[in-house]
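On a predicted model such as this, the values are computed, not experimentally measured, just so you know.
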Amino acid sequence: MVVLIISPEKIITSYSGRLSKLFGKNKGTTRNLKVIFHDFPGGAESFELMSRFCYNNGKTQISPYNICLLHCAAQFMEMNNSISGTHNLFEQTDKSLKEINYWTWSELLIALKQCQDLLPDVNSSVILQKCLDSLVGRLALTNEASPCPSTSSPDSSGFRFSCDTKSSESVKTSSSRATWWYEDLLILSPNLVEILVKSMVERKFNHVIISRFLFYYHKSKFYTTTSDEKRKIVETVIDMLYTLDWSSVSYKSLFRILRVSMSLNINKSSKNKLESMIGSQLDQATLDNLLVPSPYGINYLYDVNLVLRFLKAFLNGRSSQLSAIRLRKVASLMDLYTAEVAPDPCLKPSKFQAIAMALPDSARDSCDELYRAMDMYLEVHAGLPDEEKLKICCALNYEKLSAEICIHLSQNTKFPSKATVQGVVSQQYKLKSLLQGTNISQQDTDLSCTSIEIRSKGKKDETSEQVVLYAGKLDVISDNEKLKAHLKGMQWRVMELEKVCRKMQTQMAKIMKSRVSSHGHSRSLRRLCS
């Protein structure tokens, strides 16, 4: 607030259109008037600079250190058409701004900081934009160079830089040449950082350099500010990172931002943007990245809902087509995560099922790890009804279970009997398909409901082996012990059949070698077993 006790004949009135209008309404008044300005830009310091201009016959030294204060004061007091004629403070400041390209780097930063302190005064926004444009232009020209080139002239570079101590020390090593300006711009508020980054993006700056600056800004400013300022910094950094190419953003740094933001209650828009950036590159994550504690009020050990949102962002991200390699990486990661959260006694079946079924079936070549996670979950949640267990088992593709896991499943009392039967039947069909694909010298492969006979014929000798494989119709009966006895018999016979297949492969290999050596040419032999 600025308080003036002024007479109509006061010198300052002759330079100010605002005061002239005010006193014009009181032409007959000779007494002093009290004028109060509650929103005078720059306060007493700015008013003092303006007063010196008026009492010095319209002359003052305008520099980068005071130009913003003088410019805003001139605008506020309407000193663009002074009664004195040529002594126009606004025009003088405007003329000085045209020489902004000749300011040193330090002078530019000082003027920028001064404009920032005057915000949200609308009159400071014009000079602020000019300062930011000049700053971005210098960074664009120098790119990875020092702010203190050995030679500088307005003709060659268009700019003249200062070699202040801070800047010269920041570029001593080659590794910091691209980031020499990071520390200098820590003076900027989050609002100005937003304007700065948008301008950089428009000028096609390297997105890696921009993203590193944003992370540096967050790290440097975060621990010295209030909670509200921290939230504003985090939201600004997230919003600006979202405008960049996400592949240029450090994935580890995104998770650091995530962990910090969870205690700040950032706005929903910034939160969604952060999760989208993380989720879109989920194939780069590690298990430790995903083990985020649940928010307050939720009993789960880890934040399962957050990971489900990551998965949704991964499947519906900017890249509409996901490669098989990326899908497999995420599937492998999710198998590890599922195994990690499975022992949580508070994890609801619906959440576990959602994690298990989040990815398409094509993402996994094997469901063994998923089965082990389910086995662990059902062990901890032994009291679940069969209906809930069957819903969980829907995530399993029994055809992608190994023989070892199928054997384990057939003996696993934690799984419902229907799931056990499905696993065994799936293996039976796999074996049937395997044997139907073999053709052994016109010997019929007989897979009946009670036995499988496999014959192989050599040169003159004929060897035959028969393995009995129980493949009768399995009835789901209430007596689980009887069912388990049937399954155990089948397991043993499946193992025996695999041994026979391996033995026959060895025999046929010997036959091939023998025929090649005796007839001097090779004959193609069909594979009996694969």
query = In Å and rounded to the nearest 0.5 Å, what is the CZ to CG distance from Arg203 to Leu141?
reply =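 So the gap between those two atoms works out to 8.0 Å.
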query = Considering residues at least two apart in sequence or located in another chain, which fulfil the side chain to side chain contact (heavy atoms under 4.5 Å, CB included) criterion with Asp239?
reply =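 So Asp239 forms a side chain to side chain contact (heavy atoms under 4.5 Å, CB included) with Ser270, Lys273.
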query = How would you list, by chain and number, every residue that makes a side chain to side chain contact (heavy atoms under 4.5 Å, CB included) with Lys219, sequence neighbours excluded?
reply =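 Partners of Lys219 by the side chain to side chain contact (heavy atoms under 4.5 Å, CB included) criterion come out as none, since no residue qualifies.
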Heavy atoms, side chains only, cut-off 4.5 Å: are [X] and [Y] in contact?
X: Phe215; Y: Lys252; value: no
X: Ser211; Y: Leu241; value: yes
X: Pro349; Y: Leu384; value: yes
X: Val136; Y: Glu202; value: no
X: Val380; Y: Asp344; value: no
X: Ile110; Y: Pro64; value: no
X: Met240; Y: Ile210; value: no

request  = Kindly indicate, with the supporting measurements, whether the criterion side-chain contact (heavy atoms from CB on, under 4.5 Å) is fulfilled by Leu49 and Thr60.
outcome  = CA-CA 8 Å; Leu49 289 172; Thr60 189; 5.8 Å; no
task = Verify the ring-centre separation between Phe314 and Phe310: is it less than 6.0 angstrom?
result =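 For Phe310 and Phe314, the ring centres are not under 6.0 Å apart.
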ask   = Is the distance between the ring centroids of Phe415 and Tyr371 under 6.0 Å?
value =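 Between Phe415 and Tyr371, the centre distance is under 6.0 Å.
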Taking all non-hydrogen atoms of both residues, which atom of [X] and which atom of [Y] are closest, and how far apart?
X: Ile67; Y: Gln114; value: N-OE1, 4.1 Å
X: Thr338; Y: Met334; value: OG1-O, 2.6 Å
X: Phe222; Y: Thr225; value: O-OG1, 3.2 Å
X: Met376; Y: Pro343; value: SD-CG, 3.3 Å
X: His218; Y: Val237; value: CB-CG2, 4.0 Å
X: Val249; Y: Gln281; value: O-OE1, 4.4 Å

key: Listed partners of Arg212 passing side chain to side chain donor-acceptor pair (under 3.5 Å), at least two apart   =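 Applying side chain to side chain donor-acceptor pair (under 3.5 Å) to Arg212 gives none.
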key: Which residues share a side chain to side chain donor-acceptor pair (under 3.5 Å) with Thr93, sequence neighbours left out   =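 Checked Thr93 against side chain to side chain donor-acceptor pair (under 3.5 Å); matches are His71.
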Under 3.5 Å, side chain of [X] to main-chain N/O of [Y], donor-acceptor pair present?
X: Glu340; Y: Leu290; result: no
X: Glu235; Y: Ile266; result: no
X: Ser51; Y: Phe47; result: yes
X: Asn66; Y: Gln61; result: yes
X: Ser410; Y: Ile407; result: yes
X: Thr236; Y: Glu194; result: no
X: Ser134; Y: Cys131; result: no
X: Asn272; Y: Ser269; result: no
X: Ser220; Y: Tyr217; result: no
X: Ser46; Y: Gly43; result: no

Non-neighbouring partners of [X] that pass salt bridge (Lys or Arg N to Asp or Glu O under 4.0 Å), sequence neighbours left out:
X: Arg52; value: Glu48
X: Asp228; value: Arg231
X: Lys414; value: Asp375
X: Asp133; value: none

message = Strictly below 4.0 Å, N to O, side chains only: are Lys329 and Asp283 in salt-bridge contact?
response =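 No salt bridge links Lys329 with Asp283.
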inquiry  = Working note: Glu229 + Lys232, criterion salt bridge (charged side-chain N to carboxylate O under 4.0 Å, His left out); need CA distance, chi angles, decisive distance, verdict.
reply    = CA-CA 5 Å; Glu229 291 172 337; Lys232 180 61 178 176; over 6 Å; no
Partners meeting ring pair (Phe, Tyr, Trp, His ring centres under 6.0 Å) with Phe205 (sequence neighbours left out) =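 Phe205 satisfies ring pair (Phe, Tyr, Trp, His ring centres under 6.0 Å) with no residue once adjacent residues are dropped.
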key: Non-neighbouring partners of Phe352 that pass ring pair (Phe, Tyr, Trp, His ring centres under 6.0 Å), sequence neighbours left out   =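 Scan of Phe352 (ring pair (Phe, Tyr, Trp, His ring centres under 6.0 Å), adjacent residues dropped) gives Tyr377.
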message = The test is side-chain contact (heavy atoms from CB on, under 4.5 Å); show your working for Ile278 and Leu274 and say whether it passes.
response = CA-CA 6 Å; Ile278 294 176; Leu274 179 59; 4.1 Å; yes
message = Using side-chain contact (heavy atoms from CB on, under 4.5 Å), reason through Val307 and Leu282 one step at a time and then give a plain yes or no.
response = CA-CA 10 Å; Val307 175; Leu282 194 58; 5.9 Å; no
message = For a side-chain contact (heavy atoms from CB on, under 4.5 Å) check, start with the C-alpha distance between Leu185 and Leu192, then their side-chain angles and the critical distance, and finish with the verdict.
response = CA-CA 10 Å; Leu185 299 191; Leu192 260 63; over 6 Å; no
message = Given Tyr398, which partner from the list Val425, Leu409, Ile405 fulfils the side chain to side chain contact (heavy atoms under 4.5 Å, CB included) test?
response =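 Of the listed residues Val425, Leu409, Ile405, the side chain to side chain contact (heavy atoms under 4.5 Å, CB included) partner of Tyr398 is Leu409.
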inquiry  = Going by ring-ring contact (aromatic ring centres under 6.0 Å, His included), name the pairs with one or both residues in residues 332-351, residues two or more places apart or in two chains.
reply    =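 Residue pairs with at least one partner in residues 332-351: there are none.
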ring-ring contact (aromatic ring centres under 6.0 Å, His included) contacts in which one or both residues fall within residues 261-306, not counting sequence neighbours =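 ring-ring contact (aromatic ring centres under 6.0 Å, His included) check on residues 261-306 returns no pairs.
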